[in-house]
Amino acid sequence: QLQACGGGTVQPGGSLRLSCSTTRNILGFTAMAWYRLAPGKERELVASIAGRDYINYGDFVKGRFTISRDIAKNTLNLQMNSLKPEDTAVYYCKGKRGYDYWGQGTLVTVSS
């Protein structure tokens, strides 16, 4: 249902844009979100969007990331700027449509 892409390796201070595409109408998801899982840590919410653009970010984001939906392309995006080494993790998209649907994850590595 969900296909995430856009991960890669970037230097500290750099940017990446993650995308999560769906073959279904993205507005059919009542909420969508990005989570991340880093080695030795618990999964944490990065950003979520629900309803008419009700948006929430994890405390660690501090204005660096932006979540958005491209309705025409049925895609959920996450623009990540000012990346830090501690942002290194596998990032997953999730959509709620009755049940929770998860994308396969995309690896983000921030390293010099």
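In this text, all values refer to a predicted model and were calculated from it rather than measured experimentally. Residue numbers start at 1 and run along the sequence shown.
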Chemist: Ignoring hydrogens, what is the shortest heavy-atom contact between Leu37 and Glu42? Give both atom names and the distance.
Modeler: CD1-C, 3.9 Å
Chemist: For residues 98-112, which residue pairs qualify under side chain to side chain donor-acceptor pair (under 3.5 Å), counting only residues two or more places apart or in two chains?
Modeler: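 For residues 98-112, and leaving out neighbouring residues, the side chain to side chain donor-acceptor pair (under 3.5 Å) pairs sorted by first residue read Lys96-Asp100.
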Chemist: Does the side chain of Thr22 reach to within under 4.5 Å of the side chain of Phe29, using non-hydrogen atoms?
Modeler: yes
Chemist: Within the side chain of Ser19, is there an N or O that forms a donor-acceptor pair under 3.5 Å with the backbone of Cys5?
Modeler: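 Not at all, since once roles are kept as given, no pair shorter than 3.5 Å links the two residues.
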Chemist: I'd like to check Val108 versus Leu18 (side-chain heavy atoms, cut-off strictly below 4.5 Å). Are they in contact?
Modeler: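 Touching, per the 4.5 Å side-chain cut-off.
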Chemist: Closest heavy-atom contact between Leu45 and Ala33?
Modeler: CD1-CB, 3.9 Å
Chemist: Less than 4.5 Å apart, any side-chain heavy atom of Gln3 and any of Ser21?
Modeler: yes
Chemist: For Asp59, is the CG atom crowded, meaning more than 12 foreign heavy atoms sit under 6.0 Å from it?
Modeler: no
Chemist: Do Val90 and Arg36 have side-chain heavy atoms sitting under 4.5 Å apart?
Modeler: no
Chemist: To the nearest 0.5 Å, what is the distance between CG (Asn74) and CG (Leu27)?
Modeler: 7.5 Å
Chemist: Quick one: which residue pairs count as a disulfide bond (SG atoms under 2.5 Å apart) with a foot in residues 32-80, not counting sequence neighbours?
Modeler: none
Chemist: Any side-chain donor paired with an acceptor under 3.5 Å for Tyr35 and Arg43?
Modeler: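 No pair is found: no donor N or O on one side chain lies under 3.5 Å from an acceptor on the other.
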Chemist: Does some side-chain heavy atom of Phe60 sit less than 4.5 Å from a side-chain heavy atom of Glu44?
Modeler: yes
Chemist: Minimum heavy-atom separation for Asn25 and Arg97, please, with both atom names.
Modeler: O-NH1, 3.1 Å
Chemist: Less than 4.5 Å apart, any side-chain heavy atom of Asn81 and any of Phe65?
Modeler: no
Chemist: Should Leu16 and Tyr91 be counted in the same cluster of Ile, Leu, Val, Met, Phe, Trp and Tyr side chains packed under 4.5 Å apart?
Modeler: yes
Chemist: By the disulfide bond (SG atoms under 2.5 Å apart) test, which pairs, at least two apart or in different chains, include something from residues 36-65?
Modeler: none
Chemist: Nearest 0.5 Å, what's the CG-CG distance between Leu76 and Asp70?
Modeler: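 Between Leu76 CG and Asp70 CG, I get 10.0 Å after rounding to 0.5 Å.
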Chemist: Only distances under 3.5 Å count here; give the side-chain donor-acceptor pairs of residues 48-57 to other protein atoms, sequence neighbours excluded, each with its distance to 0.1 Å.
Modeler:
from  : atom 1 : to    : atom 2 : distance (Å)
Asp53 : OD1    : Arg69 : NH2    : 2.8
Tyr57 : OH     : Ile67 : N      : 3.0

Chemist: Considering only residues two or more places apart or on different chains, which pairs with a residue in residues 8-34 satisfy salt bridge (charged side-chain N to carboxylate O under 4.0 Å, His left out)?
Modeler: none
Chemist: Which heavy atom of Leu83 sits nearest to which heavy atom of Arg64, and what is that distance?
Modeler: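 Looking at all heavy atoms of both residues, the closest pair is CA-NH1, 3.9 Å.
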Chemist: Cut-off 3.5 Å, side chains only: do Gln79 and Asn77 have a donor facing an acceptor?
Modeler: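 There is no such pair (donor and acceptor under 3.5 Å, judged by atom type) between the side chains of Gln79 and Asn77.
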Chemist: Please give me the minimum heavy-atom distance between Ser15 and Ser82, naming the atom from each residue.
Modeler: OG-N, 4.4 Å
Chemist: Locate the shortest heavy-atom distance separating Ile26 from Met32; write the atom from each residue and the value.
Modeler: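 The pair with the smallest heavy-atom distance is CG1-SD, 3.3 Å.
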Chemist: Suppose the criterion is disulfide bond (SG atoms under 2.5 Å apart): which pairs have a residue in residues 53-112, not counting sequence neighbours?
Modeler: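 The answer is Cys20-Cys93.
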